[in-house]
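Working notes, beginning with the structure itself.
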Amino acid sequence: MKDYKSQYKSWIVDYFERHEDEIISASDLLVKMRDDGLSINQATVYRNLDRLEASGLIQGHRLDDKGEKYYQYLREGHDCPHHLHLYCHDCGKVIHLDCEFMHSIEEHLLKDHGFTLDCGYSVLVGLCEDCRKKRGI
C-alpha cells in the first residue's frame with residue numbers, strides 16, 4: 001500500500017498522538033478539522049481513517065447500535081488486540097485493561113463457556129473514576 005502524505009493525514013496522526021487515551025468518530029474528527037481551518041470533506045476523512053487503520057496506527061470500534069465507528073490510537077507498547085478497553089461515555093477517555101484480570105477473563109470464558117474473546121473489537125462502556133466523582137457516585 002502506498003504511503004500517502006498529506007496535510008490531512010498529518011493533522012489526523014498528530015491529533016491521535018495528542019489524544020492517545022481517547023476515541024473519536026469520523027464525524028467529530030471532521031468538525032475538529034474544519035474548526036482548525038482545514039477545508040476537508042467527509043469522504044477524505046473516512047479515506048484517511050481507513051488507511052491509518054489498515055496500517056495499524058489506529059483501531060476502529062463500534063460502541064452502539066447506530067453503527068458509528070470510533071477510532072483510537074494504537075500506542076506502541078500497548079497490545080490493543082489482546083486486551084479489553086474501558087470507554088467513559090462522559091469524557092471519552094479510553095482505559096487499556098492490560099492487567100492480570102484480563103487473563104482471568106479470557107481463561108474463564110474459554111474454560112466455562114468455550115468462548116475465545118476477540119479483544120480487538122471489545123469495549124466496555126461506563127464511567128471513569130473522574131466522571132464518577134464529578135457526578136458524586
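Remember, it's a predicted structure, so these values are computed and weren't measured experimentally. Just so you know, these numbers use all the heavy atoms, side chains as well, and skip hydrogens, waters and symmetry mates.
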message: Going by side-chain hydrogen bond (donor to acceptor under 3.5 Å, both in side chains), name the residues that satisfy it together with D14, two or more places apart in sequence or in a different chain.
response: R18
query: Are any of the side-chain heavy atoms of W11 and K9 separated by less than 4.5 Å?
result: no
Any donor-acceptor pair under 3.5 Å from S55 side chain to L52 backbone: yes
- prompt: Is it true that L117 and L124 fall in one hydrophobic cluster, defined by side-chain heavy atoms closer than 4.5 Å?
  reply: yes
Closest non-hydrogen atom pair between D28 and I24, with its separation: CB-CG1, 3.6 Å
message: Quick one: does any side-chain atom of N41 pair with a main-chain N or O of A43 as donor and acceptor, under 3.5 Å?
response: yes
message: If you compare all heavy atoms of Q72 against all heavy atoms of I23, which two are closest, and at what distance to 0.1 Å?
response: CB-CG2, 3.5 Å
query: What is the distance from atom CD of E22 to atom CZ of F16, rounded to the nearest 0.5 Å?
result: 10.0 Å
- prompt: Hey, what do you get for OH (Y46) to CG (L30), rounding to the nearest 0.5 Å?
  reply: 8.5 Å
query: With side chains defined as the heavy atoms from C-beta onward, is the minimum distance between E68 and S27 less than 4.5 Å?
result: yes
field: Minimal non-hydrogen separation, Q59 against E53, with atom names
entry: C-OE2, 4.0 Å
- prompt: Say you draw a straight line from CD1 of I40 to CD1 of I12; how long is it, rounded to the nearest 0.5 Å?
  reply: 5.5 Å
- prompt: Where do L127 and C131 come nearest, in terms of heavy atoms and distance?
  reply: CD2-CB, 4.1 Å
Shortest non-hydrogen contact from R135 toward H89: NH2-CE1, 4.0 Å
message: How long is the straight-line distance from CG of L86 back to SG of C128, given to the nearest 0.5 Å?
response: 10.0 Å
Side-chain touch E106/L110, heavy atoms, less than 4.5 angstrom: no
- prompt: Is F101 linked to F115 within one hydrophobic cluster, defined over Ile, Leu, Val, Met, Phe, Trp and Tyr using a side-chain heavy-atom separation of less than 4.5 Å?
  reply: yes
- prompt: With a 4.5 Å limit on heavy-atom distance, are the side chains of T44 and S6 in contact?
  reply: no
- prompt: Do I105 and L109 have side chains that get closer than 4.5 Å, going by heavy atoms?
  reply: yes
query: Rounded to the nearest 0.5 Å, how far apart are OH of Y8 and CZ of R51?
result: 13.0 Å
query: Taking atom CG of L29 and atom NE2 of H19, what is their separation to the nearest 0.5 Å?
result: 10.5 Å
field: Any L74 side-chain heavy atom under 4.5 Å of I58 side chain
entry: no
Residues, nucleotides or ligands: over 12 heavy atoms within 6.0 Å of Q42 CD: no
message: Does any part of the side chain of Y73, heavy atoms only, come nearer than 4.5 Å to the side chain of Y15, both counted from C-beta?
response: no
query: Using the ring of each side chain (for Trp, its six-membered ring), is H113 parallel, tilted or perpendicular to H108, with breaks at 30° and 60°?
result: perpendicular
